[in-house]
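One structure is given below, encoded as C-alpha cells.
Just so you know, ligand 1 is whichever comes first in the structure, and atom 1 is the first atom listed for that ligand.
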Amino acid sequence: MVDVPEEVPELAAHAHATHVVVVGGGIAGLVAARECAKVGLRVTVLEAQDRLGGNVESAEIGGVRVDLGATCWSGRTGAVDALVDELGLADDVVATVDDGEWIAGLPGGAAAPMPADSIAGIPSNPWAEDVRRIIGTSGAWRAYVDRLRPPLTIGQERSLGRLVTHRMGQRVHDLLVAPPSVAGFGIDPDDVDVEVVAPGLSTTFTRGGTLSGAVAQLAAHERPGLRSLRGGVAQIVERLTAHLAELGAELRTGAAVSSLTATGDGLWRVAVDAGHDAADDSAPLDDAHAVIVATDEATARMLLTPLTGISTESASLRRDTVTLVLSPTALDAVARGPVVHVVPGGRAASGLVHESARWGREDAQIVHVWFDRADDAGADRDDADVIAEALAEASALLDAPLDEGDLVAAERRVLPLSRPGSALDQPGIRAEARATPSGVAVVGGWVSGSGLARVVADALAEAERVRRGALWGGGAAATGRSR
Ligand SMILES: Cc1cc2nc3c(=O)[nH]c(=O)nc-3n(C[C@H](O)[C@H](O)[C@H](O)COP(=O)(O)OP(=O)(O)OC[C@H]3O[C@@H](n4cnc5c(N)ncnc54)[C@H](O)[C@@H]3O)c2cc1C
C-alpha cells in the first residue's frame, strides 16, 4: 500500500478551494491554466474572442485545413516537443522537407538564396560567392574588417544590429541581417538581442574575437530544426482545451476582462466586459486567489497599468496575414523559397512562406504572405484588397506568374506580433506585476519573447511559480517574493 502523507487530503481540499483566473486563452494562457488545473486548483480561463488559441488557429479553406497564425515551432527549448508528446500528438510531428530561405527586395529588385553558412543572416565568410552576390565586393571588403578589428569583450554590445554594423558594415546589416529579423519579429535588428536570435554567439565571439569566426564555429554544430503537426499546429489548442475540461477547469469565451482590482483581503476581483454577449448568462465570477494575465501586450498593459508603474505604451505590431490556397499546379515551376524574407522597404510585404513546399504537403498549394503594420494601421482595409495585394506579392516574391484564376480560397487575419523578447525589451515588467498586492503573474509572447518554443517554456515556469504559491501559502511564493 502506498503511504499517503497526512497533509495530502488537506492540501487537495486547499487546492480545490483556491481559485486561479487566467485572463487570455492563447497558447500561453492554456498551458499555464493546465499546469494549475493539474494539481487540483480551481481554474477559470477568460477569453475575449469566441474561440480559444489566440494566434494559434486553423480553419478549413478551399477544402483543406490550414493554420492561419503559427504554423510550426522551434525545437530550441524542447518545451513544445514535450507538450506535444504529453498531449498524444507525437506521431503527427513532421520535419521540414525543404528549409531553404531566400532574400527578396534586394537593390534592383533582385532576389537570392540566404547564404548557406550564416546565422541570423550573419555570414561566416564574407567572400563566399552566395554572400558577395548579395552585398557586392565593396560590402565583402567592409565585412572582412571584422577579421582585422580588435576583439570586442562580452557584454559590450547586445544589440544584434549594432554589433553587425560595427563589425561587418551597413550592407551586411541591411541586406542580410535585417530581412530575417523583420520577417520573424517585424522589427529592426538594432532592437533584437543577439543572444535571443543566436544563442551562444556572443560568448563564442568574445572567445574567438571575430563575428564571422563565431558564426563559422556555431554553424558547424547542428541546430534544432523546425517541426509542425500533420493536421495543423492548432491541434495543440484542441487537446489542451479538452484536457482542461477533463480536469474540471472552466473555459469562458466571449469574456473580455476589463479590469483587475485587489479586494484588500488577498483576493482579486476580475471584471468582465459587461457589454460582451457570450458572458452574459454565465454565473457571476468568484474572486480569485491568483491571477495570470496571458493576453497580448496592449491588453496586458491596460490591465496592469493601474496596478503598477508600467506604461501603457505597447511595442507590439500588428501582423496582417493572408493565407492563400492556390490551384495545385500554380507553383509547379517555382525555384525560390519556401521561405522568402524581404529587405525592409524593398516590397509591400514583409515576408512569405510557401507552406506546402516547406512541409512536403501534397493536398494543396498553400502560401502565407504577411504585412506588418504599426498599431492598427491598415487593419480596417477591405479583406478583398489585402488578399489581392497578397496574391500580387506572392507572385513577385516567388517569381511565379499568379493571377486571380490561380486562387482557390484565401483567409486574412490581423494578429498581434510580439517582439523577440530580451533584456532589451521588457525590463522589470514581471517584477512590477509580482510586487502588486497578492501578485499578478504575466505570461505570453510579449514577456517571454515571440515564438511557441519560448512562450510555452516560459508559461510552464511561471505557472509552476503560481501553483507553488497557491498551494503552499498566500500569494507570496506565487509572486516570487521571499517570505
Ligand atoms: C502571423 C503570425 C505567425 C506566427 N507564426 C509562428 C510560427 O510559425 N511559429 C512560432 O513559434 N511562432 C509563431 N508566431 C508567434 C506565436 O504565434 C506567438 O508567440 C504565440 O502564439 C503567442 O501566444 P500568446 O498566448 O502569448 O498570445 P496570443 O496568442 O495573442 O493570445 C492572447 C489571448 O488573449 C486574449 N485576450 C486579449 N484581450 C483579452 C481580454 N481583455 N480578456 C480576455 N482575453 C483577452 C486574445 O483574444 C488571445 O486569445 C506567429 C505569430 C503571428 C502573429
| side chain to side chain donor-acceptor pair (under 3.5 Å) between Asp190 and His173, worked out | CA-CA 9 Å; Asp190 287 10; His173 175 285; 3.0 Å; yes

| query | Can you list the steps and then say if Asp287 with Thr263 is a side chain to side chain donor-acceptor pair (under 3.5 Å)? | reply | CA-CA 8 Å; Asp287 289 343; Thr263 60; 5.1 Å; no

Can you produce the list of protein nitrogen or oxygen atoms under 3.5 Å from a nitrogen or oxygen of ligand 1, alongside each distance?
from, atom 1, to, atom 2, distance (Å)
ligand 1, 8 (O), Thr71, N, 3.0
ligand 1, 8 (O), Thr71, OG1, 3.4
ligand 1, 8 (O), Cys72, N, 3.3
ligand 1, 9 (N), Cys72, O, 2.6
ligand 1, 11 (O), Cys72, O, 3.4
ligand 1, 11 (O), Leu452, N, 2.7
ligand 1, 19 (O), Gly451, N, 2.9
ligand 1, 25 (O), Ile27, N, 3.3
ligand 1, 25 (O), Ala28, N, 3.0
ligand 1, 26 (O), Gly445, N, 2.8
ligand 1, 29 (O), Asn55, N, 2.7
ligand 1, 38 (N), Thr299, OG1, 3.4
ligand 1, 41 (N), Val257, N, 3.4
ligand 1, 41 (N), Val257, O, 3.0
ligand 1, 42 (N), Val257, N, 2.9
ligand 1, 44 (N), Ala48, N, 3.1
ligand 1, 47 (O), Glu47, OE2, 2.6
ligand 1, 47 (O), Gln49, NE2, 3.0
ligand 1, 49 (O), Glu47, OE1, 2.6
ligand 1, 49 (O), Glu47, OE2, 3.1

| query | Between Asp363 and Arg361, does at least one N-O distance fall below 4.0 Å, as a salt bridge requires? | reply | yes

| salt bridge (Lys or Arg N to Asp or Glu O under 4.0 Å) involving Glu35 - partner list, sequence neighbours excluded | Lys38, Arg467

| field | Partner set under salt bridge (Lys or Arg N to Asp or Glu O under 4.0 Å) for Arg42, not counting sequence neighbours | value | Asp286

| message | Give me each pair satisfying side chain to side chain donor-acceptor pair (under 3.5 Å) with a member in residues 386-395, each pair once, sequence neighbours excluded. | response | Arg347-Glu393, Arg381-Glu389

